[in-house]
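Since the structure comes first, as structure tokens, the remarks are kept for the end.
Heavy atoms only: backbone and side chains are in, while hydrogens, waters and symmetry mates are out.
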Amino acid sequence: QESDQPTVVVEFYFQDPHPDNDRIRDALKDRILKHPRFRAVFRKEGNCVFWDSIPKDMVDMSYHFEVMDGKGTFDEEHVKSITSTLNSEEEWDATKPLWKVT
């Protein structure tokens with residue numbers, strides 16, 4: 001089932017077959033959170049939507065960075081399955097920035 005929600009898929013390839021997930025999460029936090037968009041939460045007032053940046057230390061990286069089992073094939077069908085699950089079964093927490101790394 002195709003989702004109507006926009007989804008961006010980015011793949012990372014590592015030379016190490018067992019990369020250090022904490023190190024990856026910390027590197028992503030350092031780089032991504034420099035950009036206000038990745039620290040923004042939305043609020044709705046009437047018919048208007050506003051994006052408000054929050055401080056870096058308020059971004060819950062354990063919510064935004066999820067480690068999978070590493071047993072996927074990561075071919076087109078597998079990636080579609082993951083994004084479909086994320087878009088259809090999961091309720092996004094609107095009090096947090098609307099992005100995730102899985």
Side-chain angles (χ1 to χ4, degrees):
Q1 172 180 343
E2 294 290 321
S3 171
D4 292 336
Q5 299 196 19
T7 303
V8 175
V9 176
V10 177
E11 295 181 30
F12 297 99
Y13 294 94
F14 301 100
Q15 289 181 326
D16 183 347
H18 305 287
D20 181 340
N21 293 319
D22 292 332
R23 190 170 166 212
I24 295 167
R25 183 189 60 241
D26 292 344
L28 283 171
K29 180 178 182 179
D30 288 344
R31 288 168 179 84
I32 288 177
L33 298 185
K34 288 179 183 178
H35 305 280
R37 172 62 189 101
F38 291 97
R39 292 182 282 115
V41 295
F42 82 91
R43 65 182 161 84
K44 189 172 180 182
E45 291 182 11
N47 292 329
C48 297
V49 174
F50 299 91
W51 292 93
D52 300 319
S53 288
I54 60 175
K56 283 185 193 181
D57 60 347
M58 290 185 64
V59 177
D60 178 6
M61 287 302 288
S62 62
Y63 172 81
H64 293 285
F65 185 83
E66 178 185 350
V67 177
M68 296 182 69
D69 63 15
K71 297 178 183 175
T73 58
F74 301 103
D75 58 11
E76 185 176 353
E77 286 304 312
H78 186 234
V79 171
K80 281 183 179 180
S81 171
I82 292 169
T83 56
S84 176
T85 299
L86 287 172
N87 287 332
S88 64
E89 295 177 2
E90 183 175 329
E91 288 293 322
W92 288 86
D93 184 345
T95 66
K96 300 179 184 303
L98 301 177
W99 62 270
K100 280 195 171 188
V101 174
T102 302

- Begin with the C-alpha distance, continue with both residues' side-chain angles, and end with the deciding distance and a verdict on side chain to side chain contact (heavy atoms under 4.5 Å, CB included) for R43 and V49. CA-CA 6 Å; R43 65 182 161 84; V49 174; over 6 Å; no
#### Entry: Minimum side-chain heavy-atom gap V59-I54 below 4.5 Å
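Touching, per the 4.5 Å side-chain cut-off.
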- Would you check if K34 and R39 make a side-chain contact, meaning some heavy-atom pair closer than 4.5 Å?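 No, too far: nothing below the 4.5 Å cut-off.
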Do side-chain atoms of Y63 reach the backbone of P97 as a donor and acceptor pair under 3.5 angstrom?
no
Review item, side-chain donor-acceptor pairs of residues 24-33, under 3.5 Å, at least two apart:
{"from": "R25", "atom 1": "NH1", "to": "D22", "atom 2": "OD1", "distance (Å)": "3.0"}
{"from": "R25", "atom 1": "NH2", "to": "D22", "atom 2": "OD1", "distance (Å)": "3.2"}
{"from": "R31", "atom 1": "NH1", "to": "A27", "atom 2": "O", "distance (Å)": "3.4"}

Notebook entry, point to check: Under the side chain to side chain contact (heavy atoms under 4.5 Å, CB included) criterion, do F38 and W99 qualify, and how do the steps go?
Noted result: CA-CA 7 Å; F38 291 97; W99 62 270; 3.8 Å; yes
ask   = Which distance, rounded to the nearest 0.5 Å, do you find between the CE of M58 and the NZ of K96?
value =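 If we round to the nearest 0.5 Å, M58:CE and K96:NZ are 9.0 Å apart.
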At what distance, to the nearest 0.5 angstrom, does CG of L98 lie from CZ of F42?
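Spacing of CG (L98) from CZ (F42) equals 6.0 Å.
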Requested in this report: Indicate the atoms forming the closest heavy-atom contact of W51 with A40, along with that distance.
Outcome: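 Distance-wise, the nearest heavy atoms are CE3-CB, 3.9 Å.
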